[in-house]
Amino acid sequence: MVNPYPNYRLSIKIVLLHQNRVLLTKRADDATLRPGTWHVPAVNKGFTKSAFT
């Protein structure tokens with residue numbers, strides 16, 4: 001079985017605030033990890049990927 005919680009080497013999360021409003025993104029209802037939950041925008045780079053691509 002594949003680990004559904006991979007170890008990330010780099011994770012970048014941002015909070016965008018504009019006119020007292022915060023940007024959130026919602027995971028798809030059929031997503032493997034935490035379906036239907038709300039998060040701040042983020043990027044995750046795995047161990048096999050370069051942080052610069």
Side-chain angles (χ1 to χ4, degrees):
M1 182 168 104
V2 175
N3 180 4
Y5 302 100
N7 293 319
Y8 292 110
R9 188 167 268 206
L10 175 66
S11 180
I12 300 170
K13 297 186 183 230
I14 60 172
V15 176
L16 294 176
L17 179 64
H18 179 68
Q19 296 179 352
N20 288 333
R21 298 173 76 182
V22 176
L23 176 67
L24 296 176
T25 56
K26 184 180 179 191
R27 292 186 182 268
D29 289 332
D30 61 350
T32 303
L33 301 173
R34 298 178 293 279
T37 56
W38 291 89
H39 299 272
V40 296
V43 166
N44 296 308
K45 292 286 192 171
F47 283 109
T48 59
K49 298 178 184 173
S50 168
F52 302 103
T53 59

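- Annotation: salt bridge (Lys or Arg N to Asp or Glu O under 4.0 Å) contacts involving residues 18-28, sequence neighbours excluded, comprise Lys26-Asp29.
- Applying the side chain to side chain contact (heavy atoms under 4.5 Å, CB included) rule to Leu16 yields the partners Ile14, Leu23; only residues at least two apart in sequence or on another chain are considered.
- Connection of Ile12 to Val15 is not established within any shared hydrophobic cluster, with ILVMFWY side chains joined at heavy-atom distances below 4.5 Å, either directly or through further cluster members.
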